[in-house]
2 protein chains.
Amino acid sequence: MTHLLPLADDPAPERADAARNRQAILAAALHLVETRGVACVTMDTVASEAGVGKGTLFRRFESREGLMAAVLNESETAWQASVISGPPPLGPGAPAMERLHAFGHSRLRANLVHADLIAAAGAPGTRSVAALSFANMHVRYLLGELGVTGDLLMLATAVLAPLEMIVLEQQVNREQISLERIEAGWDDLVRRIVGC
Amino acid sequence: MTHLLPLADDPAPERADAARNRQAILAAALHLVETRGVACVTMDTVASEAGVGKGTLFRRFESREGLMAAVLNESETAWQASVISGPPPLGPGAPAMERLHAFGHSRLRANLVHADLIAAAGAPGTRSVAALSFANMHVRYLLGELGVTGDLLMLATAVLAPLEMIVLEQQVNREQISLERIEAGWDDLVRRIVGC
DNA sequence: GGTCGAAACGGACCGCGGTCCGCTTCTATT
DNA sequence: AATAGAAGCGGACCGCGGTCCGTTTCGACC
């Protein structure tokens, strides 16, 4: 075998025009989301802005949720990168406890900033599974570093659940709770789960 | 003043035909949800089944989410009643810790049973605010009984967050985690939050 | 019972998400 | 360069949630 043979690719490597269209659609969607806000972005608009037919959008991204998830993914990826290899205390280099707190605060803010996009991206499962379980995996790792014993998967879920948009939405918009109080409450939660 | 005078009613007491229609709509919706499943229930169907125009549905229930929330509310009310005045350990009479665990398990199951209806009822805020904060208030009360100190509102939120449908959905459908493990994980969480 | 304003009604209508299928474009092969 | 057929394309079309407004019904008051 030579280096010209395709090495363990996907069985169907994307065709050139398809790739071009995917890029065009993604760029158009991102632009429209930024300028008009998520709510005002219709599939027809994205299609015409990208200069493709509507069918193409749905073949590439499955649904509106899928497209929004793809847009969201752009910033999510950057955020993940800063968790994995950015400067401390979010990135590696700081003590695990500091990293965990930085993680929570950062995630909290990221969720609030992209609130409407996250809502439009819909239930997890539409977003890539890998992206979704990243947070859980990272928290599990940090809890391990802190010497926490028990069902770490469950504990990580418990730590992350209060940061979910649906919960934050209720607290911020409905109950008018300040960001500081939410952060403090989350810090307390972490302390109780880790400590003792 | 006599007993014939309306006592501190809403300013606009519902007209007779309006009340009749509300009942008919709710009954039709409930029936259709039970027989065909939430996903197959369209507003047109409910309207014709109830023998009213579509406009009436939307005037009474605001949106599809609102209608589904109203349907969901029927069973939620019953559940709340059993928490407030049902038999122990869920109702009053048992030690606070037992009640709390019973509460969590009961809520967990209720959420899973009505999963699709809850999803269709959409974000909180569509459902009545009272109904939504009931769980939080109850948990806060139980935590107080247990002598927990701190920001009880935040702690109650932390206790309830892992029971939210969006979290459970991920665990049950995506990660295939058993109900027992979820319950055990939640029990552990409660112990850590209360204890120490 | 008759009158009148307000409230409720209902179905035609709209926009959007999503599908379908005949046509076009790409690329592997010779 | 020619070819063939798979992959991609696009826009007409559909169903559903939601709105609008001319018409009907209610019930308070005379």
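Below, chain A is the first sequence line, B the second, and so on; all start at residue 1.
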Within the structure shown, what part of the strands sits under 4.0 Å from A:Ala47 by heavy-atom distance: base, sugar-phosphate, or nothing?
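Result for A:Ala47 = nothing.
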Touch check for B:Arg60, heavy atoms < 4.0 angstrom, all strands: base, sugar-phosphate only, or nothing?
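Sugar-phosphate, no base atom in range.
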Check the angle between the aromatic planes of A:His138 and A:Tyr141 and answer parallel, tilted or perpendicular using the 30° and 60° thresholds.
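Ring orientation, 0 to 90° scale: tilted.
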Between [X] ([atom1]) and [N] ([atom2]), how many Å, whole number?
X       : N      : atom1 : atom2 : answer
B:Glu14 : C:dA7  : CD    : C1'   : 11 Å
B:Asp44 : C:dA12 : CG    : C1'   : 12 Å
A:Leu32 : C:dC16 : CG    : P     : 13 Å
A:Met43 : D:dG10 : CE    : C1'   : 14 Å
B:Arg20 : D:dG27 : CZ    : C1'   : 13 Å
A:Ile25 : D:dG10 : CD1   : C1'   : 11 Å
A:Phe61 : D:dG8  : CZ    : P     : 13 Å

Heavy atoms from C-beta onward define the side chain here; which of C:dG10, D:dG8, C:dC26 lies closest to that of B:Val52?
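That would be C:dG10.
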Does a nitrogen or oxygen in the side chain of B:Thr56 sit under 4.0 Å from OP1 or OP2 of C:dG10?
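Yes, within the criterion.
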Under 4.0 Å between a side-chain N/O of B:Asn21 and OP1 or OP2 of C:dC9, yes or no?
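Yes.
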Could you tabulate the donor-acceptor pairs under 3.5 Å formed by side-chain atoms of residues 21-28 of chain B, not counting sequence neighbours?
{"residue": "B:Arg22", "atom": "NH1", "partner": "B:Glu14", "partner atom": "OE1", "Å": "3.3"}
{"residue": "B:Arg22", "atom": "NH1", "partner": "B:Glu14", "partner atom": "OE2", "Å": "2.0"}

Please examine the side chains of A:Arg192 and B:Leu155, heavy atoms only from C-beta on, and report whether any two atoms are closer than 4.5 Å.
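B:Leu155 reaches A:Arg192 side chain to side chain.
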Starting from the C-alpha separation in whole Å, work towards a yes-or-no answer on side chain to side chain contact (heavy atoms under 4.5 Å, CB included) for A:Glu145 and A:Arg99.
CA-CA 11 Å; A:Glu145 289 288 298; A:Arg99 284 195 79 186; over 6 Å; no
Would you say the rings of A:Phe103 and A:Trp186 are close, in the sense that their centroids are separated by under 6.0 Å?
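Centroid distance A:Trp186-A:Phe103: not below 6.0 Å, so no.
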Solution key, residues 31-41 of chain A side-chain donor-acceptor pairs under 3.5 Å, sequence neighbours excluded:
{"residue": "A:His31", "atom": "ND1", "partner": "A:Glu49", "partner atom": "OE2", "Å": "3.2"}
{"residue": "A:Thr35", "atom": "OG1", "partner": "A:His31", "partner atom": "O", "Å": "3.0"}
{"residue": "A:Thr35", "atom": "OG1", "partner": "A:Leu32", "partner atom": "O", "Å": "3.4"}

Just by modelled atom types, is the B:Gly66 backbone N or O under 3.5 Å from a matching donor or acceptor in the B:Ser63 side chain?
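Yes, because the side chain of B:Ser63 sits within donor-acceptor range (under 3.5 Å) of the backbone of B:Gly66.
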Inter-end axis angle, the helix from C:dG1-D:dC30 to C:dT30-D:dA1, with every axis fitted to five base pairs (rounded, 10 degrees):
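Both end axes considered, the difference amounts to 10°.
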Please enumerate all residues that pass side-chain hydrogen bond (donor to acceptor under 3.5 Å, both in side chains) together with A:Arg181, with sequence neighbours excluded.
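Applying side-chain hydrogen bond (donor to acceptor under 3.5 Å, both in side chains) to A:Arg181 gives B:Asp151.
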Quick test: give all pairs of protein nitrogen or oxygen and nucleotides 19-25 of chain D nitrogen or oxygen below 3.5 Å, distance rounded to 0.1 Å.
{"residue": "D:dT25", "atom": "O2", "partner": "B:Arg15", "partner atom": "NH2", "Å": "3.3"}

Go through the structure and list residues passing ring-ring contact (aromatic ring centres under 6.0 Å, His included) with A:Phe58, not counting sequence neighbours.
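Partners of A:Phe58 under the ring-ring contact (aromatic ring centres under 6.0 Å, His included) test: none.
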